[in-house]
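Just below is one structure, and these are the notes that go with it.
Each chain gets a letter, A, B and so on, in the order the sequences are listed, and its residues count up from 1.
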Protein chains: 2
Amino acid sequence: MEFKEAKNKFVQTWGALGSQWGINKTMAQIHALLMVSNEPVSMEDIMEELQISRGNASMNLRGLMDWGIVYKEFKAGERKEFFTAEKDLDELAVKISRERSKREIKPTLKILKEVSTIEAKDSAEEKHFVDQTSKLYDFVLKADNMLDKMTEFNDNWLGKLFIKMMK
Amino acid sequence: MEFKEAKNKFVQTWGALGSQWGINKTMAQIHALLMVSNEPVSMEDIMEELQISRGNASMNLRGLMDWGIVYKEFKAGERKEFFTAEKDLDELAVKISRERSKREIKPTLKILKEVSTIEAKDSAEEKHFVDQTSKLYDFVLKADNMLDKMTEFNDNWLGKLFIKMMK
DNA sequence: TTAAACTTTCAAAAATAATTGAAACTTATT
DNA sequence: AATAAGTTTCAATTATTTTTGAAAGTTTAA
């Protein structure tokens, strides 16, 4: 397999994976493209490589920047903007976790708390509901904290050691 | 908030969360409904509660069973089928991890391996591509193994201890 | 201040994914 | 073996999401 083919395969695969995880295909593809580019890429080049419109490129780049995993760069003497992706994978994982926690997990926890604290009367049905949603609340909270701890882990030696154990 | 309202809120929320994670809304809603039901639910009841067609219910129940997180049950004397969800959350997490690994991570790893092992010639561009995709391969492999280990963890005391530490 | 270079926005169009419903199929009962 | 009770399948429809492209907006330079 030669370079161009491999690059294309990678971009396509990453895009397809994105769809399965609720990230739109183009956004994932742009991210993939930037990840494997050794230097900043202009919007023109992205449009050209992925065969997408200017509007599409613009909106998805904005989305990626909102996630904090793609940055604008300015090249001396050049008027137009260039883009680069966060290439440190640990850092990437941290940013994605933090953002998903903020956007999705925290709001879900709030609602789980609400519904799990209703008056359960005496019916088995209602009791089970309260019991199950409480467990779910605890579980999601635990998982969320765990991710948080793991991301902090990257900064301390004990964490690094533990992560090594996991391999 | 009273029971019916809370239940509905929970089902809706779980459905919306599903969409964001690449699971279709109805599938997530059916799962939510079964999770908080203290006894098996018939297809009729699911259709009625979620206001969906028979075909829709059937296909999504099949999907949930393929994930191994919903089971068919037979009630003595009853002709029709009933359904229940896996209610043990640790077990649920294990099943989802295993299945996503099998369906999505493993195939992705295969492709990452392929594209990261091309001949890199001498250009900086190609070198960077190989370097970055190799790192990605290692990272995804590590994460995949980690999930695996964690799911096994539930069975041993060291793991339980560690998980306690994480809270 | 004007014009050129470039980016963003958003309504409309296109593409994709989910849903319906009725026919085909399966299984149990008489 | 015929019928009834229930389930699955899938082509057609509907709903949702993504993409386009042109107008509006911004920034820089002359």
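The CZ atom of R62(B) sits 14 Å away from the P atom of dT26(C) (whole-angstrom rounding). In this structure, K72(B) atom NZ and dT27(C) atom C1' are separated by 11 Å, rounded to whole Å. Distance CD (E44(A)) to C1' (dA5(C)): 10 Å, rounded to an integer number of Å. Rounding to whole angstrom units, CG of residue N56(A) and P of dA14(C) are separated by 15 Å. Atoms CE (M59(A)) and P (dC10(C)) sit 8 Å apart, rounded to a whole Å. Between I46(B) atom CD1 and dT19(C) atom C1' the separation is 16 Å, expressed in whole Å.
Within residues 48-55 of chain A, the residues having any heavy atom under 4.0 Å from DNA chain C are, by residue number, R54(A), G55(A). If you check residues 8-43 of chain A against DNA chain C, the residues with a heavy atom closer than 4.0 Å are M43(A), listed by number. Remark: R79(B) in residues 74-86 of chain B come within less than 4.0 Å of DNA chain C through at least one heavy atom.
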side-chain contact (heavy atoms from CB on, under 4.5 Å) evaluation trace for Q20(B) with R103(A): CA-CA 10 Å; Q20(B) 289 174 313; R103(A) 296 188 196 189; over 6 Å; no
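Around atom NZ of K110(B), no more than 12 heavy atoms belonging to other residues, nucleotides or ligands sit under 6.0 Å away. The environment of CD in E73(A) is crowded: more than 12 heavy-atom neighbours from other residues, nucleotides or ligands sit within 6.0 Å. Within 6.0 Å of the CD atom in E2(A), the count of heavy atoms belonging to other residues, nucleotides or ligands exceeds 12.
Between E114(A) and K9(B) there is a salt bridge, with a side-chain nitrogen of the basic residue lying less than 4.0 Å from a carboxylate oxygen of the acidic one. The pair K142(A)-D138(A) does not meet the salt-bridge criterion, since no charged nitrogen lies less than 4.0 angstrom from a carboxylate oxygen.
Chain B approaches DNA chain D within less than 4.0 angstrom (heavy atoms of the protein), and the contacting nucleotides run 5' to 3' from dA4(D) to dC10(D).
Among pairs with a residue in residues 51-106 of chain A, none fulfils ring-ring contact (aromatic ring centres under 6.0 Å, His included), at least two apart in sequence or across chains.
A donor-acceptor pair under 3.5 Å is absent between the side-chain atoms of S58(B) and the main chain of R54(B), judged by distance alone. No donor-acceptor pair under 3.5 Å is formed between the side chain of E78(B) and the backbone N or O of K80(B). Between the S134(B) side chain and the V130(B) main chain, a donor and an acceptor come within less than 3.5 Å of each other.
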Scan the side chains in residues 22-31 of chain B for donor-acceptor partners under 3.5 Å anywhere in the protein, sequence neighbours excluded, and list what turns up.
from, atom 1, to, atom 2, distance (Å)
N24(B), OD1, T26(B), N, 2.9
N24(B), OD1, M27(B), N, 3.0
N24(B), ND2, N60(B), OD1, 3.1
Q29(B), NE2, Q12(B), OE1, 3.3

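Using a 4.5 Å cut-off on side-chain heavy atoms (C-beta onward), K106(B) and D144(B) make contact.
Tested against D131(A), the residues K135(A), K127(A), H128(A) include a single side-chain hydrogen bond (donor to acceptor under 3.5 Å, both in side chains) partner, K135(A).
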